[in-house]
Each structure stands twice: as C-alpha cells, then as structure tokens.
Amino acid sequence: MIREITNKYEPKTLEKDIRNYWDSINAYPRSRQLRAGSTDFYFVDGPPYTTGHIHLGTAWNKIIKDSILRYKSMNNFHVRDRAGWDMHGLPIEVKVEEMLGFKSKKDIEEYGVDQFIAKCKEFAIRHKDEMTQQFKDLGVWLDWEDPYMTLKDEYIEAAWWTLKQGHDKGLLERGKRVVNWCPRCETAIADSEVEYWDEEDPSVYIKFKVKDEENTYIVIWTTTPWTIPANIAVAVHPGFEYSKIRAWKDNKDASEVLYISTSLVEHVLKQGRYTDFETLDRMLGEDLLELSYDNPLSDKVPAQAGFDHNVYMADFVTAENTGIVHIAPGHGMDDFILGVEHELPIFCPVCPDGRYTSDAGEYEGKYVKDVDELILSDLEERGNLLKKGMVSHRYGHCWRCKTPIIYLATRQWFLKVSDIKDEMLSEIEKVAWYPDWAGSARFADWVSGARDWCISRQRYWGIPLPIWICDECTEEEVIGTMKELQERSNLEGDLDLHRPNVDNITITCKCGQNMKRVPDVFDVWFDSAVASWATLNYPREHEDFDKLWPADFITEGHDQTRGWFYSQMGASMIAFGRAPYKNVLMHGFTLDDAGKKMSKSLGNVVSPGEVMDKFGADSLRFYVLSSNAPWEDLKFNWDEVSTINRMVNIFWNVYRFPLPYMVLDNFDPSVVTYDSVKSHLRPEDRWILSRLNSLILSVNEAMDQYNLHRATRPISDFILEDLSRWYVQLIRPRTWTEGDDPDKLAAYWVMYEVLVKIAKVIAPFMPHLAESIYQNLVHNLDPDSPKSLHMCDWPVVEDALVDTGLEKQMDTIRNMVEAASNARQKVKRKLRWPVRKIVVSPENEQVAQAVESLMSVLLEQTNCKEIMILGSDETWDELGLEAVPQPKAIGPAFKGDAGKVIAAIGSADVISMRDALVNSGEYELEIAGETVTITSGMVRFNETIPEHIASAGFSGGLVYVDAMLTREIESEGYAREVIRRLQDMRKELDLDVEERIKAIVLIKDERILDLVLDWEAHIADEVRTKLLVISMDVEPEGDLVKEWDVEGTGMKMSISKIS
RNA sequence: GGGCCCAUAGCAUAGCCAGGUGGUGCGCACGGCUGAUAACCGUGAGGUCCGGCGUUCGAAUCGCCGUGGGCCCA
C-alpha cells in the first residue's frame, strides 16, 4: 500500500533512514554488481588529502562525482569507482610535528623515525575514517569499503614500478639544480608546493666596483641582500643600451662613475640622491662583456677571493631598476642556468636549515633571512650601498608551514619532463576536456612551461625512492616491485616498504659491494600521479588494467591543472606514453558570498556539515549542482540554498498532495494502467506527460556534456512551474470526486507516472529523497521491483508522448490566465467571484487554436462562464469607440472654423465616421446645417473600455475580462465567501476532513441573504454540515462563533461539532 | 609581469558561441487563493548589462585597452 507521508519535509531524519536502509540491503555494492557485464565506466577518484575535515569544495567535488556516477550506473554502465586517499607527505608530517611540539628535523631524529612514521600513519588513517563518514553523510556512493590508499604496499609498488620505467627510458636524472627549499622543513619542495603572497622585503641598489677603473661601479638591484656573499656575476641584456655616467651629489669633485641602463639613469640617480650627472659613454649590453668587478664582501667571505666576477648576457634581464641583474648561481633558477652555461662556480654557502656554511666566512652560522641588515651595513661601510628601501612584492612560501622559501643549489632526483613535453601536448588534444578551454588553453599553457620534475624530498613520511646506489662504484639501480626487492636483497616475506625499515635493506652490486638506498622519499604529488593504475593494483595485477585503463572520466577543481591533471599526465607519459584519462571535467572553487576565498583567517568558512544540518544533504547537493556551471567558481550563498530547500519542500508537497486520495481510493498502479486510462486523458494530462518526457530528454543532453547545471535547473523548473503551479492546480477538482470515476483515475495514473519518473530523474542529484519516494510508490507495492531506486534503469524518453505543439499551446494558455488575473486586479474582482465573460483577441491563428483546444482549462482557471474568441480584424462590439480630433491636421484646413469642426467630431456618430474614413478616406460632417468634409488624418480612433471591463496583454494578444455583476454571479460569489469562512473556522477547530458539523450563518442584509440562500445546498455540501441554518434572525452559537466582514456586509457564523 | 576564467536589478542567475526592444528566481511592496495551508499563486517597482574606445544601420553579445574578482604561473 502507498503510505501517506509527513506534513513537513524533514531531510535530516529522512536521509538518515534512507542511508540506513541502503546499508541494510547493501544497496551500493548490489547496484554496481547489477551492471557487471555491461560496458565499463572507469572512474578514478582524485584522492583528497587526509588532513581532517572536508570543506565545501571537497563536498562539491564528491557530489559532482556521485551524481555523474549514479547517472551512468542507471544508464547501464558498469561503474568502477574506488575511493582514494592521499595519505603521505609533508602536510601530515608538519601536523604531527606540531602535535609533538617539534621545531626541526633534529627533533624527529631524536624522537625516532620509526615512531614518527607510526604517528603519521595513525594520523592519516584516523582522518581518512572521519572524512569517509562525512562523505557518506552527503549520500556519496563510492567504494568506501575498499578504497585505494597511497600508503599501502601495492600502491607503493605502483610508484616504484613507474619510476623504474622512467629510469629505463632515461628520464630519471640526478643532478645539482636550484630548487625551492623550505629551510624549516629542510627539504626541496615542488613548484606546486610554493604559495605566493605579498611580503615586505629590502629593495636595495648596490654598486660593484669595476676592476682597474678608478671610482667606477656597476649598479645592480636586489631584494635578497643575503645572496650577495654568493654573487658570482652580473647579467645585462645584449640588446639594451647602457650608459657610463659621471654622477655627483652637490660636489662634482666627489663624483663617481656608474654603469646603468640608459633608460633607467634618472631613476637610479634619484634613488641615490645624486644631484647631477654627465654621460661619458653609451654602449650596447654586449659591449660590457669585458668588464670585471670585485665582490664587495670578499674580505668577509674569503672563498670569494678565488672567483672571477664578470659580466654576461642574458635575455631574462628586464629594463627595470638598473637593467643589470645580480647573479648568484647557487641561489636562483635563472642564475643557475646562466652559471651552468658559462661554467661558473655554483657557489652555495648555505646549509639545509638556512644558515650560512663556513664557506660564507664571517657570516657562518647565521640564518640567511636574518642577516639582510648586517649585510647592508657591511656594504654601506665599504661604500657599496647606493640606496636601501623596502618593497612589497610577491614572494614564495612553503605551502604547509608558510616559511619563506629560499633557492638552494642541491643534488636532487629529477624526471626529465621537459624531454617529453611535446608528446604531452599532443596527448592533451586527444582528451575531451569540459569545458574545452580547460585543456586547450589552460592545461596546455601549463604544460608548455613545465620544467623537470624534482621528485626527491629529504623527508620521512612518503614513498621511499626505490633507488639503490653502490658505495664503491656508484652504480644506480631502481627497484620496481617488492618481489624484485626480495630477490635482490635475499629477504623473504612481506617487507615494510616505508622508512626507516627500507633504509636498512641493502642489495649487492654487480661489483660485489653493498648498495644502499638513497635516503629521500618521493614528492607526494608522485603518489597520486600513479592513481589510475595503482587503483587497479597494477602492476601487481594485470586483468583490470588491461580491461579498464585509461580512465573514462575524472573531475577535479581548476587548481588541479598544475596538480593532479598534470602529475598523472606526466607519470603516465613516462610509464605508458599516453594520457591516463579520456574525459576530464574541471570544476570551480567555492568562495564566500562576496566572491572571496574561504579561509580561517577571514572567518568566512562555511562547512558542509553546517549546511546539511540546516537543509539536508539533498538540498546542498542540488544547490551546488544547479547554482553554477561546474567550471565556474561557486559563490556560496545561504539564501540560495534556502531557495533550493523551498523548491524541494514544494516538491514534497506535490508528492504529498495526491497520497491521501490515492490511499482512500486504494489506488493500485498494477490495475490502473496507461491502457486503461488512455482514453480518459485530458489535454492537461497529455501536456504534463509531454513535459515530463521533454525534461528527460534535456537532462540526457546536459549530462552527456557533464553540464550538471543544465541538467538540474530544468528539473527545478519542471517541479515548480509545471507540476506545482499548474498541473496540481488543474487536477485538484478531479481528485475530489468520489467513486471509480475514470477521469479521476486518469489523473491518479498521470500523477503517479510523473512522480515515479521524476524520482528517477532526481535520483543522481537528490538520491535520498528520490529513494524515499520510490520506496513508497513502487517498491512498497511491488516486492519484485529493484530494492533500491538506484538499481533501476534511467527512464527512456517516450517519443510518442512528446507533443511540443501542445506544450506551446499550454504555454499560451498559462500566459492568458495570468493576463486575466491581471485584468481582474484592475477591476478589483477576486478570483473567487466568477466573471461573466472573457474575450480573447488572439495575435494569430495558433493562439486562437490554443484557446479552442484548451478551452476547459481556460474556463476553469479563470473562473469564468464564457470565453469568446475574436477573429483577426474583429473588435469586440461591447467596446466603445472614441474619436480623437487631430488639431494639427484640422487647423490648417479649416482655419477659424477649426474649433467648430473639433467640437462636431466629438458629437458625431463614431462608428459611421470610422467606417467612412476606413472605406473612402472621407467623411461628411454636419456643422450647423452646413456640410464639411474631413479626411482620415484628422481623426484618430481609440477603443474605450466600459468600467466593468478590464484588459491585459499577454505574449499572444489581449484578453478582456467582463466583470459585470449579475444576480447569478453575485449569488455564487457570496456563497463562496461564506464557504471559505466556514472552512476557515473548521480549520481553526482542527476538524477532520470527514467530520460533520452544525453551522449557523446570520446575515442581516436581506438582499445578500437572499443571494446566499440560492446556494444553500451547495454550501451545506462543501462544508459538510449535517445542519445548516442561514437566516437573518437565528443567533449563531456553538464551539466557535465569529463575526465577518464580507465585502462590506456584516455576517456572524458559528460551527459546532456533532458528536 | 604572463596564461586561463569571471563581471548583467539589493542578491543569485539566463541571454553572449551564430549582434536586432535584456528574461528568470530570491528579497521587497501590493493583491489573491484557502483541506498542498507554518503551504501556494498573481501583480508591481528595481538594470549607465564593470568602465572606455572601436567595428556595425544596430553591441550585453564581436575586437582592443583598462578596472575588479578567482585559479595558476614568473
């Protein structure tokens, strides 16, 4: 049996019950198994990092995934969807360090690496479990029971195996490079781990003394004075013009000679407060090559004495500051490249912890970021400081601990991505990107600028680099699997592949000596990079990989362009030479309602839990899916969520509305079928069925393009506009009839059909609500039906039921009803009062036809007794016509008599005047016995509308509402006024629908009493009275007595229960 | 400094690719309905379509230059 439902939509309990039900029947695994054997749809979950609670963006991400997968599954795809977790890396180490109160790597070493690793693992697993629950609460169906986890052995093997492929292909390289370095974490960090924001730093102009030229200097500019001890060269642009100038401050005798870019001479001199200058020479950058200079701090940094300091050419020099760039090959990317090119010393006198080494002489032991002031005063002492100031500029920071990064030249392991860049670019074109520019513009741009990927980290909690190096002969070997490691190390059984255990495993080199593992771990981005095969347990197992890989679909936020989209592409190119995915949907970010990033410091963070608490998961889901195109940033707005919630609530009411009647009538959809009601379908029934099928079609089209907003918005429109505001209003009277009325059964069948199909259509987006409707309306009646809606097939569009012409007609009718209602307001006639007549002046034949075929709907919805349709040139004869004289035309023609003519036009017969002017263009007007002829330009005609008639326009023409009162209409109107008030009183007493009452109505006005009495029997029926007294002398008394003012007439009514 | 995206009423959005009188929802004001009723419906007021320049008979739409926001990079 169909059951009635609660009055209010209560998502929290409903959703919880549904999730419990899913658990109890194993709905998720069954729904997947059901499709085994069908076409596979291989989805790879971008693994969230296990640091704690999910935020709105993560929720949105999983909601998109879940909606698409549910849709695919209902469309008979066999969905593969292991959830994934990113569980290694510096972020977790940093959190654990914070918990343990650690400040540096020394603390970790003292605490014990094995214990530290254990803490990290515990942290990752605990958070994975917490986050799993939060995702489940959103109704997200992924394989939560058997997720892929980057810390598992089989996963680590996938990473190892991939690196081995890189090694075999000659793409793995160990080399000294300048890397982003976090001096707190004491590790290299990837470009993608650097976070930029504005910071105040010194802005200094420094003079380097030119060798063998008295009092002559090259002027450079820098924001990192601490790199001056490591200065090896300066660079100029070969094409720029430079000037050699003599400059002085007030006293020309104390002048200096300076080399500066010509265009910047004045700027620099202003900085140094020089008062005047003269140009000695001008030259191109390339002419500066023979200059050499002294490092100003060479007395403090003895190692500098051993270096030459010369000028070099570089294209990266810009015409800013001085046009000459200070080069420290140990401390800058460009500097390093220039240094390698010219075989300069890569001088890097800084330790991993950011303190100077003994190579830095007197600066040894000082933290580089602390010595800026000291170095500046040393420079000043030596007369090398031209200007010191401050500047606010973008500076990089470790994105975990927020420490400003420095650049250090260190030995690291690299994957030579730059070697395979072109292949990557051509693979990008083979992938379908949604939206297109995510791949063709954005991703392609990032890849074309890609540099070699530094994959080594000097840390603990990560996948250890599987590289073993011989102590003796420096032979390198990369291990690809655990089995390989067992063989090479002569160890048996499962090996712990994490640090520190794996650090102790040695293997024997060809040369007979021991090989030791390099101590580094992988950059954590490499972990998730291998997800598309690691989640299939490749290379340990091959079967799934051969069948499924590459992924059919992935989706992540646009920050992952440089992240997971890229890391996967890189790793896959190395391992397999092709893209690891076929379709990529890039989604946006969640921002606050002002479009600002949500952040703890701004205090504008909204958690998904908060939203679910207020409105439930389904409303949150529908909100994030419908409010934006997926690839646009979502400005979270509470009001909009609440609007969605209102829509869902209306849907709940729509669903609830027919249930009491169906229950009362024992409606059974297995007996009442389409065939049995087919011949009783009204036009509005056929209309809503057509709309329903058209809706499914548009949802299909949108979903095929992953356009979730274009799928969900029409659903919401359908529910509000078509179902709630129209269809339910239309069928209301039919549900009231008693007995086996075929007209009523037809309405039931249609409503049932619509609800069941809509439940299926909303299933991907609002899975809980959809399931609960399905359980009540389908599974509840038919135990053989699938146990869950999410095991059902997606509804097929029934072309035979689609009638777009009818949809258009209904649209017209609705506009007409609106116009009529508008016109009623103008004559102040409530809808409760019938009107005598509505006249439609249609714009074209289609509109007229719409009125003809949907006449019944129009009559009912406008509460009107008769509809009249005018022909194309016809005007309604009850409208008056008014002649408006045109003085502009009359004046010149009649001069002094114009006034008389105007007056005569006003009193002439309007109809015959118009007819004559239309037919012949002339009209004979009589003025005081004389006849004058006027022409058509002299008069304009306006329709005049009588007071009881109002008109309003609509998209297809004009409607006139004739609200003239007749006795019948007044009588019906007053009767309905009385009925409404008695119903109101019933409700106030909270009576049952079926309950019978006694009612007394006292109306002192005899005329109105008389009018109401015409409808006495009808009133008694409508308000279910056993005894009804309507009179002018029986005093109302009983359970509830009220006085009313009905259109200015006082009435007193009472109702009482009859026991 | 560079790449990509975004900017339309108080708020949120459609329209932009394929130029032709800018729609819709929320909120607001007024009104209606009355056994979906702590629900629902109608009407109305609200727009230099971010700014400027250009192309065109005509620009929210196309182009260029700015401004602001987002992501990514240097």
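Any value given below was found using the heavy atoms of this structure, including those in side chains, with hydrogens, waters and symmetry copies removed. We name chains A, B, ... by the order of the sequence lines, and we start the count at 1 in each one.
Within the nucleic acid shown, A/Arg814 has no heavy atom closer than 4.0 Å to any nucleic acid atom. Contact annotation for A/Thr643: backbone-only contact, meaning every heavy-atom pair under 4.0 Å involves sugar-phosphate atoms and none involves a base. Within 4.0 Å of A/Asp633, counting heavy atoms only, lie sugar-phosphate atoms of the nucleic acid but no base atom. Using a 4.0 Å heavy-atom criterion, one finds that A/Asp445 contacts the sugar-phosphate atoms exclusively. Contacts of A/Gln983 with the nucleic acid, taken as non-hydrogen atoms under 4.0 Å apart, include base atoms.
Checking B/rA36, B/rA14, B/rC26 against every side-chain atom of A/Tyr661, the shortest atom distance belongs to B/rA36. Comparing B/rU34, B/rA36, B/rU13 by their nearest atom to the side chain of A/Arg713 picks out B/rU13. The side chain of A/Ala441 lies closest to B/rC4 when the candidates are B/rC11, B/rG70, B/rC4. For A/Val654, counting side-chain heavy atoms from C-beta on, the closest listed nucleotide (B/rA12, B/rC71, B/rA36) is B/rA36.
Using C1' as the reference atom, B/rU13 and B/rG22 are 13 Å apart when rounded to the nearest Å. Look at the P atom in both B/rG54 and B/rC28: the space between them is 44 Å, to the nearest Å.
Remark: the A/Arg646 side chain and the B/rC26 base include no donor-acceptor N/O pair separated by less than 3.5 Å.
The distance between atom CD1 of A/Ile5 and atom P of B/rA39, rounded to the nearest whole Å, is 16 Å. Between the CZ atom of A/Phe443 and the C1' atom of B/rC4 there is a distance of 14 Å, given to the nearest Å.
A distance of 6.5 Å separates OG of A/Ser203 from CG of A/Asn321, quoted to the nearest 0.5 Å.
With a glycosidic angle further than 90° from 0, B/rG23 counts as anti.
Between A/Arg814 and A/Asp722 there is a salt bridge, since a side-chain N of the basic residue sits under 4.0 Å from a carboxylate O of the acidic one.
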